[in-house]
Every structure is written in C-alpha cells, then in structure tokens.
Protein chains: 2
Amino acid sequence: MLTLCQTPDMNAYGGVDLDTSLGYLLKQASSALRSAMEAALRPLGMSVTHYSCLELLAQRPGLSNSELARGAFVTRQSMNVLLRALEKDGDVTRPAQAAVGKVLPAHLTPRGRRRLETASVAVRGVELRMLRGLTPAMQSQASGILRTMVRSLSEED
Amino acid sequence: MLTLCQTPDMNAYGGVDLDTSLGYLLKQASSALRSAMEAALRPLGMSVTHYSCLELLAQRPGLSNSELARGAFVTRQSMNVLLRALEKDGDVTRPAQAAVGKVLPAHLTPRGRRRLETASVAVRGVELRMLRGLTPAMQSQASGILRTMVRSLSEED
DNA sequence: CTTGTCGTGTCAGAAGGCTGACATGCTGAC
DNA sequence: GTCAGCATGTCAGCCTTCTGACACGACAAG
C-alpha cells in the first residue's frame, strides 16, 4: 500500500507503521467505499448521508432525529438540517408537534420511497463490486471482525 | 446492531439490509475508530488529518502536497491549507521554490517530530484497544480482506 | 412533590472539506 | 520541434459537519 514515494528511506522512527496498520487500512477501505458511493449517488443528486437517512427510515419507520443521527454516524444537528431539507423536498414527513415528549417520528413519503428505490440499486451495485473477490466465508469473517472492533472501541476504559 | 428502534416493523422493502451489510459495518467501524482517535488527539490540540500528515512525513520524508493528500484521503486543496498551518507552527518545512517542476517536498522539523511522538503513543493506544479481542490470525485475515475490498472498489468497470 | 439527571430538538457560530478554476511545468506522441 | 495530455500548487467560494449552548419533557431518587 501507499505507493507514493519510491524511496522508503526508513529512519529510526518507531511509530505506527502505515503499511501494516489495520487502522490505516480501515480508513482507506472506508474512504474508497465512500468515494464509490458518492460517485454512484451523484447522478441522482443525493449524498451518502442523504441516502443513509432514507434507507434507515425505510427499514425502521418512525425513527426520530437523534436515532437517525446515530444510525448515520453524524450529530443530531447535522441530521436535523438534512431532515429539514428532506421534509422540504417532500421525501419525509414529520408531525408538527410531538405526540409524547419532544420526539418527532419521521416517515417516508411515497416520493421518498421511490427516490430511495433508485438510489438503493446504485448502492447495491457498489457493495456488490466491493464484495466480489470475497468468498461468503470471508465475508462472514469480516463481519465478525468488524463487529469485534466496534465493540472494543466503544468500550470506555 | 442498530439497536435504535424496538419495532423492526419490516415492510416489504427489499433494499440493502443494514443489519447484514458489510458496507454499513465498515462505515460503523471507521466512524468508531475516527471518534476514538479524535478523542485521543484532542488533548494534544491535533486533528486526525493533522496527525496523518505528520505520520506520513515521518515514514516517507519529502512527500509532496498531493502525495500527502492521497495518503491522508483528502483533496490537494485541503492538505494545502493544513500544510500551510503546519508550516506556520514550525512543525514542517518546505522549500520556497521547487527544485524541479512544481513539487515542493515537505519535511518534519525537530519540533514536528516531537509533537508526532506524543501523538503517536496516543494513537497506538487506540489501535491496540481496537485490536484486543482479535487474534493475530484474525488480524491477518482482516488485512487481506480489507485490501481486497480496496482493490475491487478502485477498479473502474 | 421536588430535584437531579438524561435525552431530545433546535439555534448560532466556527472549522474543515470539497468543487471549480487557473497557471505552471513535466512527458510522450506526432 | 510542437503540441496535447497530465499532474501539480494554489486561489476563491460553497457546503457539510461539528462544537457550544439553550429550553423543554420524561424519568427515577430522595
């Protein structure tokens, strides 16, 4: 990896080795995936967070702003502006007032569902491309490993 | 995963399943790693991109702005403003004029090396925490799988 | 009942990254 | 030699996301 410079010229610095580091590799893979998704979604005038929000709402109707934010890995504030835009575009509906507490459950409109439909095939294409070259067994291993990493990182010690 | 809503309420939508999707899992792991690194680097007044740039320069002295950008997964423009700030802080040196072409090779100053040193132990701690629970064999598998994913995604077809 | 804590939605400001664009300097094809 | 293509550094503007802060409602402990 990192075929950037022809002269490794390793000095005595013993820091995190980028060529070996799983963290760096994870960042690289994530960056590649994000780029590919952005490229696939751009023709549809949709961003990745955009799509994530719609997909979340399709599978978990009635999610609140904060829940959507956690699911899309952004802050409540960011999701709030996105949700407002989606509402303005008519892809999402939220009650004007909370039935209970302050939570405003969001739902997809038929238009939002249609837009998600087209976006979903594009994203599925990217995911398929990412997974080709991986046997089902490898995919299963990757899933377990990533889950373990997430768990370890979210433990506070 | 995604313990956000107690009512799955699965409708007939057959899109990308977030609970199974390796892409979603990858994003989640990357997000967790980034958060942990930000938390570890914040006390040092350093951002992740900040640190990435320094680490890159320590292992590959003389990298140019564009090469650093590719290595840190940001655009040339973003790396340019960061590099300028690092130069102003005295962590990085760049020649005023290019020896050949327009490429300006960057180098760490002793001060930059010291700052990297402290940041590196913090980051190494995060990576160690991420990796605990993973056998060396699993780490090796993960490395191979992630590399395969990156390769598949960067192929244009 | 009161109080403290937590989660939520939202506003305002700031920081970081990105796209678009330009001039410059290599490199290879003709 | 010339010219097209490509990569680089840099400027300008925009957009997304983040941090900080506030008020409100739910909930449990006292």
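Lettering of chains follows the sequences in order, A, B, ..., and the numbering in each one begins at 1. Here the structure is a predicted model, which is why all the values come from computation and not from measurement.
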* **B:L22 versus B:M149, closest heavy-atom pair with distance** => CD1-CE, 3.6 Å

Within the sub-3.5 Å range, which N or O atoms of nucleotides 25-29 of chain D have a protein N or O partner, and how far apart are they?
residue : atom : partner : partner atom : Å
D:dA26  : OP1  : A:G101  : N            : 3.4

* Asked: With side chains defined as the heavy atoms from C-beta onward, is the minimum distance between B:R111 and B:R115 less than 4.5 Å?
  -> yes

* Min side-chain heavy-atom separation A:L26-A:L146 under 4.5 Å -> yes

* Side-chain touch B:L82/B:C53, heavy atoms, less than 4.5 angstrom -> yes

* **Beyond-backbone contact of A:V48 with A:V123, side-chain heavy atoms, under 4.5 angstrom** => no

* Structure fact -> Its 5'-most and 3'-most nucleotides having an atom under 4.0 Å from a non-hydrogen atom of chain A, DNA chain C is contacted over C:dG7 to C:dT19

* Any donor-acceptor N/O pair, B:R129 side chain to A:L153 backbone, under 3.5 Å -> yes

* Structure fact -> Scanning both residues in full, the closest heavy-atom pair of A:N80 with A:N65 reads N-OD1, 3.5 Å

* Asked: Looking at A:G62 and A:E67, what are the two nearest heavy atoms and their distance?
  -> O-OE1, 4.5 Å

* Asked: D:dT16 P sits how many Å from B:R34 CZ, rounded?
  -> 18 Å

* Structure fact -> Taking for A:P105 and for A:E38 the nucleotide of DNA chain C with the nearest heavy atom, the one nearer the 5' end belongs to A:P105

* Asked: Does A:R132 offer a backbone N or O that forms a donor-acceptor pair with the side chain of B:S152 under 3.5 Å?
  -> yes

* How would you label the contact of B:S47 with the nucleic acid (heavy atoms, under 4.0 Å): base, sugar-phosphate, or nothing? -> nothing

* Is B:E38 salt-bridged to B:R34, cutoff N-O under 4.0 Å? -> yes

* Asked: Side-chain N or O of B:S64 less than 4.0 angstrom from OP1 or OP2 on D:dT8?
  -> no

* Structure fact -> So, with a heavy-atom separation below 4.0 Å from DNA chain D, the residues of residues 72-90 of chain A are A:V74, A:T75, A:R76, A:Q77, A:S78

